[in-house]
S.K.: 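Please see the structure below; I have some questions.
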2 protein chains.
Amino acid sequence: MGNRQAKNALFDGFAEVAKALGNGRRVELVDVLAQGERHVEELAGEIGQSVANTSHHLQVLAAAGLVTTRRDGNRIYYQLTSGDVEHLWTVLRSVASTHLDDLEQLAVDYLGNRSRLEEISRDELARRLEDGTLIVIDVRPEAEYAAGHIRGARSVPIDQLSNMLRGLPTDVEVVAYCRGPYCVFADDAVRLIRRRSRKARRLQDGYPEWRTAQHPTEANLLP
Amino acid sequence: MGNRQAKNALFDGFAEVAKALGNGRRVELVDVLAQGERHVEELAGEIGQSVANTSHHLQVLAAAGLVTTRRDGNRIYYQLTSGDVEHLWTVLRSVASTHLDDLEQLAVDYLGNRSRLEEISRDELARRLEDGTLIVIDVRPEAEYAAGHIRGARSVPIDQLSNMLRGLPTDVEVVAYCRGPYCVFADDAVRLIRRRSRKARRLQDGYPEWRTAQHPTEANLLP
DNA sequence: CTTCTCCTCAAGTAACTTCTTGAATAGATG
DNA sequence: CATCTATTCAAGAAGTTACTTGAGGAGAAG
């Protein structure tokens with residue numbers, strides 16, 4: 001057996017990256033950053049932590065090479081270093097959901113019962129986008145919509161949904177989407193819309209998966 | 001923002017899996033287990049740790065759903081829960097090597113200078129296997145060979161290589177492989193063989209990648 | 001230059017991790 | 001049944017991590 005010390009150091013190096021994802025708040029940060037770049041204060045709000053603590057977590061992610069920064073005026077914007085990082089997160093998510101016994105229960109506790117939420121696949125939505133026979137709403141925070149969204153979608157952050165529904169004909173079908181399979185905004189939106197006796201479905205997964213699947217997107221078009 | 005506590009718990013769940021890979025010794029265990037099942041004592045030897053400590057690390061991996069066990073007589077064999085886990089490890093490895101600045105140096109410290117080690121691609125090796133114009137040697141520990149190896153390869157653990165070379169014609173080309181891109185056995189083998197003025201190359205990556213690429217394998221055929 | 005804003009750093013505490021040692025246990029073997 | 005063996009558990013020392021609070025610093029704006 002070769003040089004044990006050097007071997008340990010190398011594998012500790014790989015573990016360094018895993019360790020960076022080894023904290024729920026940092027995983028949340030990666031999930032949010034997969035939607036597009038954000039500045040620290042916003043990120044702190046998203047993960048429900050102090051700015052100082054959020055900054056610290058971002059430093060840990062940066063030290064592992066998972067995020068980079070860009071300054072624009074007074075603000076510092078964080079972004080994922082590359083699509084690889086997003087890919088690592090989706091693989092981690094999928095392994096956890098397949099192999100970690102407790103995860104299903106945790107998901108139910110957070111998301112509630114999804115059995116009555118109908119989904120629409122990316123391919124079907126892509127087809128129906130052409131017809132114009134449905135309305136697509138992006139229920140993520142506005143900053144994420146601004147950073148990139150499904151082409152033709154309208155930004156309707158979840159707290160504005162009720163208002164928005166008032167101006168909508170009752171016979172039109174709505175598709176809601178948000179960050180990914182474990183994002184609760186779209187579920188809440190679909191439940192609310194269905195309670196108002198309209199037809200609503202949730203897009204399978206979320207925006208990053210739509211983008212990765214090379215379906216049409218656009219950015220910075222506020223409604 | 002929905003239920004912060006439930007959301008935290010869910011993302012802590014994902015982080016649980018990352019945390020399980022957040023230790024160099026556990027990553028080594030996964031790398032070894034990607035070769036095939038092994039029992040605790042062997043695993044302890046591979047990662048250079050006490051049996052008790054190795055057992056503890058295996059419990060951590062098991063709690064995250066990454067490994068399962070099987071009893072055979074007096075021994076307990078650990079294995080990766082599924083190919084997904086191996087996939088997660090390869091993605092982690094690739095992200096680390098691309099994005100973690102220090103990793104290159106750590107790899108050089110462990111593996112040495114690879115610039116003079118010629119590689120052979122999986123596809124080329126698969127083609128040349130048919131001709132019989134080269135010899136393929138598996139320089140991993142014998143237990144890993146027994147658990148599965150490239151079809152037609154011969155088990156030559158690295159400490160037996162010198163002996164084995166004596167009985168070999170000098171004009172035959174040798175291809176050596178081991179566990180993966182960061183495994184040092186095949187490098188050492190190629191260097192040693194070249195010092196003896198024979199032609200030798202290292203297979204790109206290692207056995208798990210060969211198997212994943214659906215090239216021919218076999219098991220339990222000791223030479 | 002001064003002030004303001006956004007972000008990072010430092011210090012401190014409580015809770016976890018890793019690894020060691022020695023004892024305990026479950027199951028196989030005789 | 002008793003014994004043996006491979007593995008796990010338990011307790012403790014040394015180090016690390018997460019989060020809080022308050023101070024510090026870099027750049028923008030006035």
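Here is how names work: the chains are called A, B, and so on, in the same order as the sequence lines, proteins then strands, and each is numbered from 1. Side chains included, hydrogens not; waters and symmetry mates left out as well; all remaining heavy atoms used.
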S.K.: Between C/dT8, C/dT18, C/dC7, spot the one nearest the side chain of A/Glu41, thanks.
M.R.: C/dC7

S.K.: Let's see if you can work this out: which of C/dT8, D/dC9, C/dC7 has an atom nearest to the side-chain heavy atoms of B/Ala52?
M.R.: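 Comparing C/dT8, D/dC9, C/dC7 against the side chain of B/Ala52, the answer is D/dC9.
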
S.K.: Any Lys/Arg nitrogen of B/Glu37 or B/Arg71 sitting under 4.0 Å from an Asp/Glu carboxylate oxygen of the other?
M.R.: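 Between B/Arg71 and B/Glu37 there is no salt bridge, as every charged N stays at least 4.0 Å from the carboxylate O atoms.
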
S.K.: Provide, to the nearest angstrom, the distance between the CZ atom belonging to A/Arg70 and the P atom belonging to C/dC7.
M.R.: 12 Å

S.K.: Can you figure out which of D/dT7, C/dC9, D/dC19 approaches the side chain of A/Arg25 most closely?
M.R.: D/dC19

S.K.: Hey, is the side chain of B/His56 poking within less than 4.0 Å of OP1 or OP2 on C/dT20, counting only N and O atoms?
M.R.: no

S.K.: Is there a side-chain contact between B/Val67 and B/Gln79 in this structure, where contact means two heavy atoms from C-beta onward sitting under 4.5 Å apart?
M.R.: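 The answer is no; the side chains never approach within 4.5 Å.
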
S.K.: Are any of A/Arg75's side-chain N or O atoms less than 4.0 Å away from OP1 or OP2 of D/dA28?
M.R.: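 No, A/Arg75 has no side-chain N/O under 4.0 Å of OP1/OP2 on D/dA28.
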
S.K.: Would you say D/dT20 has OP1 or OP2 under 4.0 Å from some side-chain N or O of A/Ser50?
M.R.: yes

S.K.: Checking all strands, does A/Val51 fall into the base, sugar-phosphate, or nothing category for heavy-atom contacts under 4.0 angstrom?
M.R.: base

S.K.: Can the ring centres of A/Phe11 and B/Tyr110 be said to be less than 6.0 Å apart?
M.R.: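 No - the distance between ring centres of A/Phe11 and B/Tyr110 does not fall below the 6.0 Å cut-off.
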
S.K.: Using distance alone, with no hydrogens and no angle criterion, decide if A/Trp89 and A/Asp31 have a side-chain donor and acceptor under 3.5 Å apart.
M.R.: yes

S.K.: Name the closest nucleotide to the A/Gln59 side chain, picking from C/dA28, C/dT5, C/dC9.
M.R.: C/dC9

S.K.: B/Asn74 side chain: which of D/dC19, C/dA28, D/dA18 is closest?
M.R.: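 The answer is C/dA28.
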
S.K.: Distance check: side-chain N/O of B/Asn23 vs OP1/OP2 of C/dT18, anything under 4.0 Å?
M.R.: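 It does, given that an N or O in the side chain of B/Asn23 lies less than 4.0 Å from OP1 or OP2 of C/dT18.
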
S.K.: Distance check: side-chain N/O of B/Tyr78 vs OP1/OP2 of D/dT8, anything under 4.0 Å?
M.R.: yes

S.K.: If I take atom CG in residue A/Asn53 and atom P in nucleotide C/dA15, what distance separates them, rounded to the nearest angstrom?
M.R.: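 Answer to the nearest Å: 16 Å.
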
